[in-house]
Structures are given as structure tokens and as C-alpha cells.
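What you see is a predicted model; the values in this text were computed from it and never measured.
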Amino acid sequence: MSNHQKRLSVPNSWPVERKTATFTVKAGAGPHGESGVPLLIVLRDVLGYADNRKEARYALNEDNVLINGKAISDEERPVGMFDILAFTEREEYYRVFPGEGGRLALTAIDPDAAESKLGKIATKTHVSGGDVQLGLHDGETLIVEDDQTYDAGDSIVVGNEDGEIVAHFEYEEGALVTAVDGAHAGEVGEIEEIQVTPGSAQNNVIVSQDEGEGFETVEEYVVVIDENFTGDDE
């Protein structure tokens with residue numbers, strides 16, 4: 001199987017120039033599905049820490065590059081929304097956040113913020129023993145006690161070291177959200193109204209902004225956050 005991906009056909013979230021060359025690296029198997037960006041692209045095209053695959057492999061073999069608290073040695077490992085990147089030798093820490101046009105961008109954060117990551121609850125399933133399995137937007141799963149606390153659409157913050165939930169943000173009117181896809185990707189505001197659509201169609205979400213006209217998008221495209229995830233904590 002080829003390790004290359006045509007630039008013209010990469011997902012919109014990939015931060016690469018499409019007409020500078022024919023091919024780029026192909027994402028390996030892992031979290032975030034087709035939207036996951038290979039780590040090599042982040043190191044080479046976004047940060048400029050490596051000029052080529054060989055240099056990236058050398059850097060990764062030093063165990064100085066962490067994603068969500070774990071050292072990564074595979075340059076094709078997918079990176080996606082809300083992942084935490086740590087460069088321990090450089091003492092640099094970043095959160096992957098939606099940028100203009102839906103492209104993934106890096107927001108610099110402090111070391112304390114790098115100890116946990118945000119996840120949107122995509123599914124909630126009862127499992128044997130009476131517990132509940134939460135499926136997050138990136139494919140990660142967590143087992144929690146069935147106390148009816150969490151619902152699909154909510155967001156949680158999970159500690160990288162112990163996997164414990166350290167914060168919970170409910171998906172409800174008045175919640176602070178960001179759009180992660182669609183025409184308004186990267187915009188932030190508060191949910192003014194959740195319009196429930198009958199049948200199988202997605203619900204619409206109307207978002208208001210203190211500075212801006214606000215926007216409307218589908219439920220799938222919004223993620224509940226708090227002010228610490230907008231870059232205002234720098």
C-alpha cells in the first residue's frame with residue numbers, strides 16, 4: 001500500500017498547500033478517522049521542525065514528541081481536533097483547534113493545560129455490569145458509572161496520565177461552543193437556541209456572538225468548550 005496521498009484530494013482540515021506538489025504523506029491507522037492529519041505534516045509543514053521524513057523519524061525516536069501525554073514514534077500517526085502536542089525538549093505545548101475554513105491549527109498553551117484534553121461525547125452505550133461506555137469524537141472510549149451525568153453532545157476533559165474526567169461541559173442553550181466544520185469552522189459563541197428537527201434530519205444550532213453577527217449550523221459541527229479553549233489563556 002502506498003505511503004503517499006494526493007494533495008488535491010486531502011480533507012479540507014489538512015493544513016497543506018495543494019498545488020505545490022503532487023503528493024504528501026498518507027495518514028496511518030488511528031484516531032480521528034479520515035480527518036486525522038499525519039504527524040509528519042505538523043512537524044514539517046506547520047511547525048517547520050523537520051525538512052523531511054527522515055528528520056522527523058529521528059526526532060520522534062528521541063521520545064521528545066508527545067500526543068495526549070504519550071510519546072509517539074510513528075510519523076504517520078493521525079493528529080486531530082483537540083489533541084495536545086507536547087515538545088518536551090523545546091518546552092512547547094499546543095492544542096489542536098479549528099482554524100479558518102476548517103483547517104486544523106495549533107494554539108499555544110501552558111504546561112498545566114497540556115495535562116488534559118477535551119473530548120466531545122459522540123455516543124453513550126450501556127455495557128455489562130451497569131456501567132456506561134462513552135465514545136468520544138476521536139474514537140476513544142471511556143467507561144463511567146451509570147449516574148446519568150453525561151449525554152451525547154456534552155464535552156468532557158480527560159486527564160492524559162490517568163484517564164480520569166476532570167471537567168464536564170453540558171450541551172445546552174447558553175453553553176460556549178466552537179464550530180469545528182462547515183462554513184463557520186473556527187468561530188466561537190454561545191448557543192442561543194437548539195432547534196429540534198423532526199425525523200432523522202440533524203438539529204440546527206443558532207449561536208450568538210458578542211462581537212459578530214452569530215451563525216447557524218448543524219448540531220454535529222458544534223463542540224462545547226469553555227473560555228480556556230479559545231486561546232485566551234495564553
Handout entry: Qualifying residues under side-chain hydrogen bond (donor to acceptor under 3.5 Å, both in side chains), relative to Gln209, sequence neighbours excluded
Key = Glu187
same_hphob_cluster([X], [Y]) at 4.5 Å side-chain heavy-atom cutoff:
X	Y	result
Val207	Ile225	yes
Val223	Ile156	no
Phe87	Val96	yes
Ile194	Val218	no
Leu47	Phe82	yes

Quick one: pull up [atom1] in [X] and [atom2] in [Y] and give me the separation to the nearest 0.5 Å.
X	Y	atom1	atom2	result
Leu43	Ile72	CG	CD1	11.0 Å
Glu193	Glu173	CD	CD	6.0 Å
Ile191	Ser208	CD1	OG	9.5 Å
Leu134	Thr141	CG	OG1	9.0 Å
Ser155	His168	OG	NE2	8.0 Å
Asn204	Gln195	CG	CD	5.5 Å

Of all heavy-atom pairs between [X] and [Y], which one has the smallest distance, and what is that distance?
X	Y	result
Ala71	Leu66	N-CG, 3.9 Å
Ile84	Ser116	CG1-O, 3.4 Å
Val46	Leu106	CG1-CD1, 4.0 Å
Phe97	Met81	C-SD, 3.8 Å
Val196	Pro198	O-CD, 3.8 Å
Gly36	Pro78	CA-CB, 3.9 Å

Check [Y] with [X], please: is the shortest side-chain N to carboxylate O separation under 4.0 Å?
X	Y	answer
Asp138	Lys117	yes
Lys124	Asp151	yes
Glu76	Arg57	no

Practice task
Using modelled atom types only, decide if a donor and an acceptor are shared between the side chain of Glu55 and the backbone of Asp51 within a distance under 3.5 Å.
Solution key: yes
Exercise for the section: I would like to know whether Gln202 and Glu219 meet side chain to side chain donor-acceptor pair (under 3.5 Å); could you show each step before the answer? Expected result: CA-CA 6 Å; Gln202 286 205 53; Glu219 197 168 60; over 6 Å; no
Does a side-chain heavy-atom distance below 4.5 Å link [X] with [Y]?
X	Y	result
Asp110	Tyr93	no
Leu60	Glu75	yes
Asp83	His32	yes
Pro98	Thr178	yes
Leu176	Val188	yes
Ile165	Tyr150	yes
Phe169	Leu118	yes
Val222	Tyr171	yes

Practice task
List the steps and the verdict of side chain to side chain contact (heavy atoms under 4.5 Å, CB included) for Glu145 and Val132.
Solution key: CA-CA 6 Å; Glu145 294 181 358; Val132 167; over 6 Å; no
Handout entry: Derivation and outcome, side chain to side chain contact (heavy atoms under 4.5 Å, CB included), residues Val177 and Val205
Key = CA-CA 10 Å; Val177 297; Val205 181; 5.6 Å; no
Problem - Criterion side chain to side chain contact (heavy atoms under 4.5 Å, CB included) on Arg53 and Leu40, from CA distance to verdict - result: CA-CA 7 Å; Arg53 185 188 289 260; Leu40 174 58; 4.1 Å; yes
Exercise for the section: Please assess Val79 against Leu85 for the test side chain to side chain contact (heavy atoms under 4.5 Å, CB included), listing each intermediate value before the final yes or no. Expected result: CA-CA 9 Å; Val79 178; Leu85 274 67; 3.7 Å; yes
Problem - Neighbour count >12 (heavy atoms, 6.0 Å) for atom CG, Asp210 - result: no
Practice task
Mark yes when over 12 heavy atoms from residues, nucleotides or ligands other than Glu89 sit less than 6.0 Å from its CD; otherwise mark no.
Solution key: no
Problem - side chain to side chain donor-acceptor pair (under 3.5 Å) between Tyr94 and Glu92, worked out - result: CA-CA 7 Å; Tyr94 298 94; Glu92 294 179 4; 3.1 Å; yes
Practice task
Find out whether the Lys NZ or Arg CZ of Arg90 is both under 6.0 angstrom from the six-membered ring centre of Tyr49 and within 45° of the ring's axis.
Solution key: yes
